[in-house]
Structures are given as C-alpha cells and as structure tokens.
Amino acid sequence: MSEGGLKAAEDIETRVREEAKTPALYRVFLLNDDYTTMDFVVRILETVFHKPPAEATQIMLHVHKKGMGLCGVYTRDIAETKVAEVHERARKEGFPLRCMMERE
Ligand code: TYC
C-alpha cells in the first residue's frame with residue numbers, strides 16, 4: 001500500500017475505534033546490539049515487561065539471533081512509559097540497549 005493509502009487506512013481505523021471506544025494498541029520491541037549483556041536484557045524483560053524467567057530468556061535469545069523481538073502490546077501511554085523506562089535503566093547502567101514501539 002502507498003504511504004497515502006496507509007495513512008487513509010489508519011484514519012479509518014482510528015474513526016472506527018473511536019466510535020467503538022477501543023484504544024489503539026502499540027507493539028513494543030527490543031533491538032539487538034553488541035554491548036548490552038544478556039543478563040541485563042533478561043532482567044528488563046522480567047521487571048519492565050513482567051515476563052516469567054523462561055520466557056524472558058527465550059525473548060532475549062530471539063532478539064540476539066534475529067535482531068529484534070516483541071515484548072508486549074499496550075495502549076500508547078503504557079507503551080511510551082515502557083520504552084522510556086528501558087532507555088533510562090539501560091543508560092544508567094551504561095548500555096546502548098534500544099526499545100521501540102509501533103502502532104498495531
Ligand atoms: N547481543 C547481546 C550480547 O551478545 C545480547 C543482547 C540481546 C543485547 C538482546 C540486546 O536486546 C538485546 N551480549
């Protein structure tokens with residue numbers, strides 16, 4: 001679909017959702033890098049995204065091998081808060097870990 005077509009489709013989705021009062025949802029992803037430790041990423045998945053230990057390890061390994069991985073799907077405010085929290089905690093520890101969100 002063209003950029004304009006995508007925008008038009010999103011506008012229609014937004015209108016339908018607002019009529020039904022269901023909020024837009026956003027996927028939050030972690031991105032791989034060469035410096036952040038695996039332990040730190042697992043800790044982020046357990047504490048910020050509330051993943052059980054085995055799932056946190058699976059997601060971390062997926063990101064390590066594939067380049068990015070889904071951490072969860074949230075409303076916009078919650079997704080923004082989680083992205084900011086990941087970046088804040090990573091910078092405090094000196095890691096370049098990146099986190100991003102995209103509308104579902
Ligand atoms: N690639 C990192 C390493 O080998 C581990 C890592 C995994 C980093 C996931 C970031 O989102 C990430 N230490």
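Note that ligands are numbered from 1 as they come in the structure, with each ligand's atoms numbered from 1 the same way. No hydrogens, no waters, no symmetry mates; every other heavy atom, side chains included, goes into these values. Along the sequence shown, residues are numbered consecutively beginning with 1.
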Original post:
Can you find a side-chain donor-acceptor pair between Arg98 and Thr36 that sits under 3.5 Å?
Top reply: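 No - no donor-acceptor pair under 3.5 Å links their side chains.
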I need the nearest protein heavy-atom contact for [atom]: residue, atom name and distance, please.
atom: atom 11 (O) of ligand 1; answer: Leu31 O, 2.8 Å
atom: atom 7 (C) of ligand 1; answer: Asn32 OD1, 3.6 Å
atom: atom 4 (O) of ligand 1; answer: His64 CE1, 3.1 Å

Subject >> All pairs passing salt bridge (Lys or Arg N to Asp or Glu O under 4.0 Å) where residues 22-31 contributes a residue, at least two apart >> reply: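 Sorted result for residues 22-31: Arg27-Glu102.
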Subject >> Winner among Thr36, Asp33, Thr37 once heavy atoms are compared against atom 13 (N) of ligand 1 >> reply: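 Checking each option, the heavy atom nearest atom 13 (N) of ligand 1 is found in Thr36.
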**OP:** Could you list which atoms of ligand 1 come closer than 4.0 Å to a heavy atom of Leu97?
**Re:**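 By the 4.0 Å cutoff, the relevant atoms are 10 (C), 11 (O), 12 (C).
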Original post:
Which ligand 1 atoms, with their elements, are less than 4.0 angstrom from a heavy-atom of Val63?
Top reply: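 In order of numbering, the contacting atoms are 9 (C), 11 (O), 12 (C).
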Original post:
Side chains of Ile78 and Thr75: closer than 4.5 Å at any heavy-atom pair?
Top reply: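 Result yes, sub-4.5 Å side-chain heavy-atom pair found.
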Subject >> Sequence neighbours excluded - ring pair (Phe, Tyr, Trp, His ring centres under 6.0 Å) pairs with any residue from residues 40-99 >> reply: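 Sorted pair list: Phe40-Phe95.
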Original post:
What do the steps show when you test Leu45 against Leu30 for side chain to side chain contact (heavy atoms under 4.5 Å, CB included), and what is the final call?
Top reply: CA-CA 9 Å; Leu45 285 160; Leu30 279 177; 4.0 Å; yes
